[in-house]
Amino acid sequence: MTLRRRILFYYAATLSVSLVIVAFWSWFEFTEQKEVALRGGVEAASKHNPLVETVEIILLGGLPALLLGIIGGSLLMRRALRPIEELTEVLEKTTTSNLAEPVARSGNGDEIDRMSAVFNGMKERLGASFTQTREFTLHASHELKTPLTILHGTLEQMMADSGTPAAHRERIASMLEEVQRLSGIVGQLAFLAKADAGLLETAHGPVALHELVRDLVEDVTLLSAAQNISITLDECQPVQVSGDRMRLRQLLLILGDNAVKHNHKNGSIAMAVRRDEDQAVFLITNTGPVLPPELRSRVFERFLRGDPSHSSTVEGSGLGLSIAESIARSHHGTLIFEVLEDGRTRLTLRLPTGPK
């Protein structure tokens, strides 16, 4: 039965029940009047006011029928529309990570069943598209590594050659710097492609997060020395997580480097690490330019730069926070970006804690 026929059937059933109630009450009133006429004659029957009887039928028969129609119709409509609600709930939970999971079908051939089939086909096509994109990125980055390595080695040999003129050395040094930058981008793209495909290899073990944060403070102090940025560690509670030490160190370095690059001279960076019930929380807050509101929800997108024209003087490829979020997800954690009321920027990392 199609959804349209099902709804019409439910309405017809509700209306029929209401009409039966009204008809039954009318028959009851008619029978009562007939009995009165038989017992008391025409005179007694004439005492019955037709208007009063009509009001009685409406109040005692029509209103219950109306209430029953409203309540019964609502329940039946809710039952009829429940498949749509279930389909909506499933589709709201659809993400790039579960495109391979099909939407359950009823198999009765109605509109909802056909809609589920359409959504399953759409999810399959989207999944295939994402898979092709990941494979292309992974294969392209792999193929680019060899020529970039050769080019890097050739340029280094030219730099080391004593016969290379000084003017050429400057050009070669500039090209070598760009090759190194391109090699870094290719490596980052390969990392993200592996993370998306679930191919990222991580070694899980107990990691003292507070120790990594102390090391990060020293590294960020060196990175920010030229800008005279103040570095403070406001809180450092001993907390242990389960994960890959090198990957977590990479994540923290990305956050620290981001706080330095998107800061201003004589600015500040404040860090804190603490335990919050069954989670380890790391916060890094920095001064600097405020990201426009329309870009804040996209801060973890790849190649996103704070300057829409991509002409910012800040070094980087725009992949750092994407990689940091991938590492956080691979450790069953979250990374949240926010702008505080005082204009400072904060990144909050939450990770499940290991044994105390």
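Throughout, numbering of the chain's residues begins at 1 and tracks the sequence. As the structure is a prediction and not an experimental result, all values here were calculated from the model.
- In this structure, R346 and N286 have side chains that are not in contact, with every pair of non-hydrogen atoms separated by 4.5 Å or more.
- The shortest heavy-atom contact between V260 and L223 is CG1-O, 4.0 Å.
- Clustering ILVMFWY residues whenever any of their side-chain heavy atoms sit less than 4.5 angstrom apart, transitively, puts I323 in a cluster other than the one holding L144.
- With hydrogens and angles ignored, the 3.5 Å screen pairs a side-chain donor or acceptor of N120 with a backbone N or O of V103.
- Taking the side chain as every heavy atom from C-beta outward, L349 and L252 approach each other to under 4.5 Å.
- Each side chain to side chain donor-acceptor pair (under 3.5 Å) pair with one or both residues in residues 287-297, not counting sequence neighbours, appears once here: N263-T287.
- Inter-residue side-chain proximity for S268 and T232 is flagged as unmet; no heavy-atom pair is nearer than 4.5 Å.
- Closest of all the heavy-atom pairs between S242 and H204 is O-ND1, 3.9 Å.
- No side-chain donor-acceptor contact under 3.5 Å links S129 to the backbone of L126.
- The two atoms that bring L216 and G256 nearest to each other are CD1-CA, 4.3 Å, heavy atoms only.
- Atom CD1 of I172 and atom CE of M159 lie 7.0 Å apart (nearest 0.5 Å).
- Side-chain contact check for R350 and Q279: at least one donor-acceptor pair (N or O, by modelled atom type) lies under 3.5 Å.
- Using a distance-only test at 3.5 Å, with no hydrogens or angles considered, no donor-acceptor pair links the side chain of T164 to the main chain of A160.
- Atoms CD and CG, on E178 and L151 in that order, are 11.5 Å from each other to the nearest 0.5 Å.
- Atom-to-atom distance recorded for I112:CD1 and R105:CZ is 12.0 Å, nearest 0.5 angstrom.
- Separating the OG atom in S224 from the CD1 atom in I269 is a distance of 5.5 Å, to the nearest 0.5 Å.
- Few gaps surround CE on M122; more than 12 heavy atoms of other groups in view lie less than 6.0 Å from it.
- Tracing side-chain contacts under 4.5 Å through hydrophobic residues (I, L, V, M, F, W, Y), one reaches F337 starting from L351; they form part of the same cluster.
- L248 and I336 fall into different hydrophobic clusters, where Ile, Leu, Val, Met, Phe, Trp and Tyr residues are linked whenever their side-chain heavy atoms come under 4.5 Å apart, directly or through other members.
- Side-chain atoms of E235 and Q237 form a donor-acceptor pair, as typed in the model, at a separation below 3.5 Å.
- A continuous path of ILVMFWY side-chain contacts below 4.5 Å connects L233 to L209, so both sit in one hydrophobic cluster.
- Residues G320 and I254 share a closest heavy-atom pair of O-CG2, 3.2 Å.
- Here the shortest heavy-atom pairing between A270 and D234 reads CB-OD2, 3.5 Å.
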Salt bridge (charged side-chain N to carboxylate O under 4.0 Å, His left out) evaluation trace for R329 with E325: CA-CA 6 Å; R329 285 202 312 266; E325 187 190 32; 3.4 Å; yes
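- If you check the side chains of T353 and R275, you find a donor sitting under 3.5 Å from an acceptor.
- Considering CZ of R169 and CG of D161, their distance stands at 7.0 Å, rounded to 0.5 Å.
- Side-chain contact check for T94 versus L99: some heavy-atom pair is nearer than 4.5 Å.
- A donor-acceptor pair under 3.5 Å is formed between the side chain of H331 and the backbone N or O of D244.
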side-chain contact (heavy atoms from CB on, under 4.5 Å) evaluation trace for F191 with L319: CA-CA 10 Å; F191 178 92; L319 293 172; over 6 Å; no
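- One N or O on the side chain of S322 and one on the backbone of F300 form a donor-acceptor pair closer than 3.5 Å.
- The shortest distance between side-chain heavy atoms of L321 and L347 falls below 4.5 Å.
- At a threshold of 4.5 Å between side-chain heavy atoms, the hydrophobic network of Ile, Leu, Val, Met, Phe, Trp and Tyr places V281 and I327 in two separate groups.
- At distances below 3.5 Å, not a single donor-acceptor pair connects side-chain atoms of S174 with backbone N or O atoms of R171.
- A donor-acceptor pair under 3.5 Å is absent between the side-chain atoms of K123 and the main chain of P102, judged by distance alone.
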Check against side-chain contact (heavy atoms from CB on, under 4.5 Å), M271 and L283: CA-CA 6 Å; M271 299 183 229; L283 304 99; over 6 Å; no
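- Counting heavy atoms from C-beta on, the side chains of V186 and K145 come closer than 4.5 Å.
- Checked for salt-bridge contact, R214 and E211 miss the test: no charged N lies under 4.0 Å from a carboxylate O.
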From CA spacing to verdict: side-chain contact (heavy atoms from CB on, under 4.5 Å), E338, T348: CA-CA 8 Å; E338 59 183 328; T348 303; 3.7 Å; yes
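- Taking CE of M175 as the start and CD of Q180 as the end, the distance is 12.5 Å to the nearest 0.5 Å.
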Test side-chain contact (heavy atoms from CB on, under 4.5 Å) applied to E124 and F119, step by step: CA-CA 9 Å; E124 288 179 4; F119 278 120; over 6 Å; no
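- For CD of E170, the number of neighbouring non-hydrogen atoms (other residues, nucleotides, ligands) closer than 6.0 Å is 12 at most.
- Inter-residue side-chain proximity for V179 and L155 is flagged as met; some heavy-atom pair is nearer than 4.5 Å.
- Here the closest non-hydrogen pair linking A324 and L335 is CB-CD2, 3.9 Å.
- Formation of a donor-acceptor pair under 3.5 Å by the R249 side chain with backbone atoms of L212 is not found in this model.
- By the 4.5 Å heavy-atom criterion applied to side chains, P352 and D278 are not counted as neighbours.
- H152 is linked by a ring-ring contact (aromatic ring centres under 6.0 Å, His included) to nothing, counting only residues two or more places apart in sequence or in another chain.
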